[in-house]
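Here the structure comes first, spelled out in structure tokens, and everything after it is commentary.
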Protein chains: 2
Amino acid sequence: MVAIGCRGHEDGRRRVGRRRRSSRPAQAGGDISASPRPATLRDVAALSGVAVSTASRALTRPGRVSGETEARVRAAAEQLGYAPSGPARALLSGRTGVVALVVPDVTNPFFFSAVRGTQSRLRQGRFAHLLVDTEESPAAEERALRDLRGTVDGAVLAGARLDDERLAHWARELPIVTINRSQPTDHVVVDTPGGAVQALQHLVSLGHRRIGYAGGPPTSWSDGRRRAALAEAAGRLDVDLVDLGSHVPRREGGALVADAVVTAGVSGVVVFNDLLAFGVLARLAERGVVVPDEVSVVGCDDVFGADLVRPALTTVAVPSERAAYLATDLLLNRLEGTRTTDAAPPPPLPTHLVVRGSTAPAPRP
Amino acid sequence: MVAIGCRGHEDGRRRVGRRRRSSRPAQAGGDISASPRPATLRDVAALSGVAVSTASRALTRPGRVSGETEARVRAAAEQLGYAPSGPARALLSGRTGVVALVVPDVTNPFFFSAVRGTQSRLRQGRFAHLLVDTEESPAAEERALRDLRGTVDGAVLAGARLDDERLAHWARELPIVTINRSQPTDHVVVDTPGGAVQALQHLVSLGHRRIGYAGGPPTSWSDGRRRAALAEAAGRLDVDLVDLGSHVPRREGGALVADAVVTAGVSGVVVFNDLLAFGVLARLAERGVVVPDEVSVVGCDDVFGADLVRPALTTVAVPSERAAYLATDLLLNRLEGTRTTDAAPPPPLPTHLVVRGSTAPAPRP
DNA sequence: TTGTATGCGTTATCAT
DNA sequence: ATGATAACGCATACAA
């Protein structure tokens with residue numbers, strides 16, 4: 001074992017191994033094309049003639065150093081273009097200042113809202129925003145969470161595809177808030193089941209008696225809840241509810257749904273989301289089925305574009321941006337200790353039906 | 001100054017200060033609700049009875065340790081749910097494995113494509129994706145770049161709002177690739193000026209002689225280039241090109257444009273982007289101006305929804321997702337040393353006009 | 001008020 | 001093949 005600094009006090013310098021990678025200080029306005037090594041606190045300290053710790057305090061603890069030194073250090077930092085190293089801070093404090101948003105598909109406009117809501121709250125909290133796309137794969141989702149732990153301070157999961165057990169596991173590993181997924185983490189839920197029932201009631205009130213439901217991915221928690229709510233309501237309202245299957249929640253999936261609509265002979269259909277509904281509309285038009293005269297279509301989400309299609313889509317408006325904002329808010333509060341894990345979850349966010357041109361009275365048989 | 005380890009070899013332990021925060025090893029499947037300290041390499045090493053350095057090698061340098069040890073370490077890591085600490089790695093290697101996408105407005109569907117393209121390339125390269133919204137503010141953009149340096153390995157800038165000098169400065173501080181902004185960094189350019197000229201020619205061929213251009217933010221490099229190209233083409237084609245001003249490139253900006261269109265008495269208008277064009281369409285409809293019978297409108301970007309509005313929007317299709325993919329590819333190649341800073345920029349990506357329902361022959365006066 | 005020393009978790013280097 | 005240790009940049013407990 002090597003004894004350190006035993007030769008005496010005066011020459012017992014700390015740095016024993018090979019010399020520092022570079023003793024050249026970072027240059028100020030030097031316009032060298034090769035990017036210079038970024039200035040470190042050490043450079044700032046050297047330039048202002050104080051110790052590193054003093055420089056550190058001057059920049060992070062206003063008031064714990066003399067006004068004069070603080071000014072000197074600040075000037076030096078400015079001149080060198082100093083910015084603290086995120087990783088170094090993270091290593092020391094265990095906090096990265098980064099929050100991840102995990103979504104199954106960045107392509108989906110619904111998740112754009114999530115991006116917006118999250119982004120807007122994170123900006124306020126001066127957090128950075130990591131975006132993770134898991135491509136609808138539970139395995140990828142789990143991998144992401146594993147790698148995220150330590151790299152981010154917490155995660156917002158929109159449209160989690162993990163099963164309850166795994167989700168519970170990861171919620172123990174890092175702070176997680178989910179959107180539209182109650183069990184078992186902290187969460188924000190949007191009342192889409194209620195919205196779906198509203199859609200059903202709307203169709204029933206228009207005289208439809210045989211109504212289809214075109215579902216989303218089997219892994220979608222939200223889809224399951226809607227199915228249950230619809231089944232219950234259908235019994236109560238005494239209408240035929242036809243299961244039109246599970247579908248990829250994208251425009252491309254709509255063709256299959258449209259065909260199922262025709263085959264099943266329903267006069268109205270409630271669709272998992274607007275994207276899928278756009279596809280349904282397109283395919284029905286192709287087949288010469290007139291919406292809403294022959295078939296009524298209701299979407300879900302009220303995404304960008306729902307008011308642009310013709311006929312404009314009747315849909316369940318979902319406050320998704322707000323949900324994401326709220327979820328991020330919950331997460332940040334937890335990180336800051338303002339909120340405890342066992343605090344009551346916020347009440348479900350209400351949805352409401354937006355009636356446009358894609359629904360009309362049922363055709364006389 | 002305190003001499004370290006001077007009392008002799010045998011008791012000259014390294015850890016002199018206060019004891020380690022916790023000597024309790026991370027627990028395996030223990031389902032304690034409070035999240036346990038994440039397992040470190042030290043924990044893994046301890047559990048498998050080897051030195052930290054060996055554990056490190058076993059996990060990162062397959063083949064440099066005996067097969068048997070490697071297996072033991074891997075098992076231990078698995079059991080503890082070990083994942084390496086990003087910050088620690090970053091601190092040592094200077095590389096974070098994170099790339100930032102910087103956009104002026106996450107709300108704009110055009111930038112969604114940028115998100116998609118970037119995301120898809122980053123995933124291949126196993127990089128994480130940081131998303132930064134600068135809210136159309138050059139100052140915020142600069143702040144972001146300052147904070148990013150050290151936190152990310154590089155940045156893709158879509159719609160940079162910084163002036164050339166500042167941009168050049170930051171390009172020296174960290175690897176940057178811009179989209180639609182040639183000077184002075186590495187960049188990918190989409191030929192929107194060419195597209196705008198195509199739009200103009202299209203209108204001219206339909207008999208329009210007095211045509212407006214509704215521009216975007218003055219800070220948009222792309223907008224400047226289009227103006228120049230349009231002016232040149234207008235002279236060549238001998239048509240009146242009317243400047244309809246600069247506008248916020250969002251739907252809300254459209255009302256002003258629509259009013260300007262009416263005031264200026266143009267029969268056709270080329271609009272900075274589709275979002276703005278949607279607003280124009282809406283406001284013209286409100287005013288009872290029939291598109292395309294009375295006024296023809298051409299957008300730019302061919303964003304989601306352009307084919308959904310009525311009349312469907314004639315627009316310049318821009319391969320924005322591909323541009324973002326390419327930009328990210330350039331950046332990653334540079335980070336990996338495959339590409340040098342002075343390598344030739346890729347040729348401009350071609351655009352093409354998509355003719356839909358919002359353009360028609362000019363009305364007879 | 002300022003300086004000195006230490007450790008965060010990881011990897012590279014050196015020694016065994 | 002494996003072990004010991006320095007170093008990355010920063011913030012803090014402690015010493016002066």
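Side chains included, hydrogens not; waters and symmetry mates left out as well; all remaining heavy atoms used. A, B, ... follow the sequence lines: proteins, then strands. Residue 1 opens every chain.
One finds a salt bridge joining B:Arg149 and B:Glu173 here, because a Lys/Arg side-chain nitrogen approaches an Asp/Glu carboxylate oxygen to under 4.0 Å. Ion pair B:Arg181/B:Asp164 flagged as a salt bridge, since at least one NZ, NE, NH1 or NH2 atom sits closer than 4.0 Å to an Asp/Glu carboxylate oxygen. With respect to B:Arg146 and B:Glu142, no salt bridge is recorded, no charged nitrogen being found less than 4.0 Å from a carboxylate O.
Counted within 6.0 Å of CD on B:Glu78, heavy atoms from surrounding residues, nucleotides or ligands total 12 or fewer; the atom is thus considered open.
The rotation axes computed at either terminus of the helix from C:dT1-D:dA16 to C:dT16-D:dA1 lie 50° apart, taking five pairs at each end and rounding to 10 degrees.
Taking atom CG of B:Leu59 as the reference point, atom P of C:dT11 lies 8 Å away to the nearest angstrom. Distance CD (B:Glu70) to P (D:dT2): 10 Å, rounded to an integer number of Å. The interatomic distance linking A:Leu91 (CG) with D:dG9 (P) rounds to 12 Å, in whole Å. The separation between B:Asp43 atom CG and C:dG9 atom P is 9 Å, rounded to whole Å. One interatomic measurement links the two molecules: CZ of A:Arg57 to P of D:dA11, which rounds to 11 Å at whole-angstrom precision. Separating the CZ atom of B:Arg42 from the P atom of C:dT11 is a distance of 14 Å, rounded to the nearest angstrom. Straight-line distance from the CG atom of B:Leu41 to the P atom of D:dA4: 14 Å, rounded to whole Å.
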Between B:Gln119 and B:Tyr325, does the side chain to side chain donor-acceptor pair (under 3.5 Å) criterion hold? Intermediate values first, please. CA-CA 8 Å; B:Gln119 175 80 35; B:Tyr325 183 95; over 6 Å; no

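If you check every strand for non-hydrogen atoms under 4.0 Å, A:Val50 touches sugar and phosphate atoms only. At the heavy-atom level, B:Ser93 lies nowhere under 4.0 Å from the strands shown. Among the atoms of the strands shown, none is found under 4.0 Å from any heavy atom of A:Pro87. In this structure, B:Arg61 reaches the sugar-phosphate backbone alone: every heavy-atom distance under 4.0 Å involves primed, P, OP1 or OP2 atoms, never a base. Base contact: B:Leu92 has a heavy atom under 4.0 Å from a base atom.
Atom CG of residue B:Asp133 and atom CD of residue B:Glu141 lie 10.5 Å apart, to the nearest 0.5 angstrom. Interatomic distance, B:Ile176 CD1 to B:Leu167 CG, rounded to the nearest 0.5 Å: 6.0 Å.
Judged by distance alone with a 3.5 Å cut-off, no donor-acceptor contact links the side chain of A:Ser53 to the base of D:dA11.
Both A:Ala88 and B:Thr54 sit near DNA chain D, but only B:Thr54 has its closest nucleotide nearer the 5' end.
Distance from the side chain of B:Thr40 is smallest to C:dT10 among D:dC10, C:dT2, C:dT10. Which of C:dT11, C:dT2, C:dC8 sits closest to the side chain of A:Val65 comes down to C:dT2. Checking C:dG3, C:dT10, D:dG9 against the side-chain heavy atoms of A:Ala51 singles out C:dG3 as nearest. Which of D:dG9, C:dT10, D:dT2 sits closest to the side chain of B:Ser66 comes down to D:dT2.
A side-chain donor-acceptor contact under 3.5 Å links B:Thr60 to the backbone of B:Ser56.
Remark: B:Thr69 is in phosphate contact with D:dT2, judged by side-chain N or O atoms under 4.0 Å from OP1 or OP2. The shortest distance between the side-chain N/O atoms of A:Arg89 and the OP1/OP2 oxygens of D:dA11 is below 4.0 Å.
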